[in-house]
*Asks:* 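Structure in C-alpha cells, see below.
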Amino acid sequence: MGELGHRPPFLRDVDTLEREATRIDLVSPHAVPGLLWCRSYAELVYEAGRKVRDVVGLAQLRSERLGHLSSKVSAVFPLSALTGAPQQVRAEHAEHLLGLPDRVSVHLLPEGTLLFGVPGPFSLFRMADGREMASSDHLEANAVPPR
C-alpha cells in the first residue's frame with residue numbers, strides 16, 4: 001500500500017488534517033473511530049464497503065496510523081461498537097485499545113446509548129494555528145469543508 005497516493009480518495013483529505021492537528025476529537029454513534037482501529041476491526045469495516053480493493057493493505061495502513069501521529073486524541077463511541085464484532089475481533093480490539101498511548105483517551109458509552117443528532121462519525125481537528133476543522137466520516141466518503 002504505502003503513501004498517500006495509494007489511499008482511497010475518502011482518506012486523502014483526512015490524512016492532512018490528522019498530520020497537522022494538535023488535537024483530534026472523535027465521536028462515533030455506532031462504530032469505533034478509524035484512528036483507533038486494530039487491523040482485524042479495520043478489515044471488518046472495509047469488507048463491508050464496496051470501494052476498497054486492497055482490504056488487507058488498507059486495514060494495515062489505517063490500524064498503524066495513530067502510531068505516526070503525535071496529536072492528543074479523545075474518542076467517544078458506544079460499547080456496542082466493540083460487542084457487535086465477532087469474538088476474535090472483539091478480543092484483538094480490546095487488547096489494542098488497552099495498549100493505546102496516554103495521549104489517547106477513550107470514552108465508552110453504555111449499551112443502548114443513542115447519540116441523537118449525530119448521523120455518522122465526525123471528527124474535530126484543532127490545528128496548530130488555532131483553527132478548527134471538522135470532518136464527517138462515512139464508509140465510502142468523507143466530507144471535509146474547504147479550508
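Residue numbers run from 1 in the order of the sequence given.
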*Asks:* Between Leu100 and Val73, is any pair of side-chain heavy atoms under 4.5 Å apart?
*Replies:*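 Not touching, per the 4.5 Å side-chain cut-off.
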*Asks:* Looking only at heavy atoms, which two atoms of Glu18 and Ser71 are closest? And how far apart?
*Replies:*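 The pair with the smallest heavy-atom distance is O-OG, 4.4 Å.
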*Asks:* Grab the two heavy atoms, one from His93 and one from Leu36, that are nearest each other, plus how far apart they are.
*Replies:*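 Looking at all heavy atoms of both residues, the closest pair is CE1-O, 3.2 Å.
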*Asks:* Which heavy-atom pair separates Leu26 from Ile24 by the least distance, and what is that distance?
*Replies:*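 For Leu26 versus Ile24, the nearest heavy atoms are CD2-CG2, 3.5 Å.
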*Asks:* Could you walk me through whether Arg65 and Arg19 pass the side chain to side chain contact (heavy atoms under 4.5 Å, CB included) check?
*Replies:* CA-CA 10 Å; Arg65 181 70 177 150; Arg19 280 186 289 112; 3.2 Å; yes
*Asks:* Is there a continuous path of hydrophobic side-chain contacts, each under 4.5 Å between heavy atoms, that joins Leu124 to Leu17?
*Replies:*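 No, because Leu124 and Leu17 fall into different hydrophobic clusters, even though each may have its own neighbours under 4.5 Å.
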*Asks:* So how far is it from Leu109 CG to Ser80 OG, rounded to the nearest 0.5 Å?
*Replies:*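 Output value for this atom pair is 8.5 Å.
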*Asks:* Kindly say whether Ser74 contributes a backbone atom to a donor-acceptor pair with the side chain of His107 at under 3.5 angstrom?
*Replies:*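 Side chain of His107 to backbone of Ser74, a donor-acceptor pair under 3.5 Å: no, none is there.
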*Asks:* Is the CD atom of Gln87 crowded by more than 12 outside heavy atoms at less than 6.0 Å?
*Replies:*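 Yes, CD of Gln87 has more than 12 neighbouring heavy atoms, counting only those of other groups under 6.0 Å.
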*Asks:* Please answer whether the main-chain N or O of Ala128 pairs with a side-chain N or O of Thr22 as donor and acceptor at a distance below 3.5 Å.
*Replies:*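 A pair under 3.5 Å: no.
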*Asks:* State, with a plain yes or no, whether a side-chain heavy atom of Val104 is found less than 4.5 Å away from one of Lys72.
*Replies:*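 Val104 vs Lys72: side chains apart.
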*Asks:* So which atom in Pro33 and which in Ser28 form the shortest heavy-atom distance, rounded to 0.1 Å?
*Replies:*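 Heavy-atom minimum between the residues: CG-CB, 4.1 Å.
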*Asks:* Establish whether Val56 and Leu44 are linked, either directly or via other cluster members, by ILVMFWY side-chain heavy-atom contacts under 4.5 Å.
*Replies:*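 No, because Val56 and Leu44 fall into different hydrophobic clusters, even though each may have its own neighbours under 4.5 Å.
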*Asks:* Under 3.5 Å, side chain of Tyr41 to main-chain N/O of Val32, donor-acceptor pair present?
*Replies:*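 Present.
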*Asks:* Using a 4.5 Å cut-off on heavy atoms from C-beta on, say whether the side chain of Arg103 contacts that of Arg23.
*Replies:*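 The answer is no, as the side chains (C-beta and beyond) never meet within the 4.5 Å cut-off.
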*Asks:* Looking at His96 and Trp37, what are the two nearest heavy atoms and their distance?
*Replies:*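 Looks like NE2-O, 3.5 Å.
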*Asks:* Which value, rounded to the nearest 0.5 Å, describes the distance between Glu92 atom CD and Leu97 atom CG?
*Replies:*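 Separation between the atoms: 10.5 Å.
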*Asks:* With no hydrogens and no angle check, is any side-chain donor or acceptor of Arg90 less than 3.5 Å from a backbone partner on Ala85?
*Replies:*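 Side chain of Arg90 to backbone of Ala85, a donor-acceptor pair under 3.5 Å: yes, one is there.
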*Asks:* Just by distance, with hydrogens left out, do Glu111 and Thr83 show a side-chain donor and acceptor under 3.5 Å apart?
*Replies:*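 Side chains of Glu111 and Thr83: pair found under 3.5 Å.
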*Asks:* Show the nearest heavy-atom pair for residues His68 and Glu64, with the distance to one decimal.
*Replies:*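 Shortest heavy-atom separation between His68 and Glu64 comes out as CD2-O, 3.1 Å.
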*Asks:* Check step by step if side chain to side chain contact (heavy atoms under 4.5 Å, CB included) holds for Leu108 and Phe77.
*Replies:* CA-CA 5 Å; Leu108 290 174; Phe77 57 93; 3.1 Å; yes
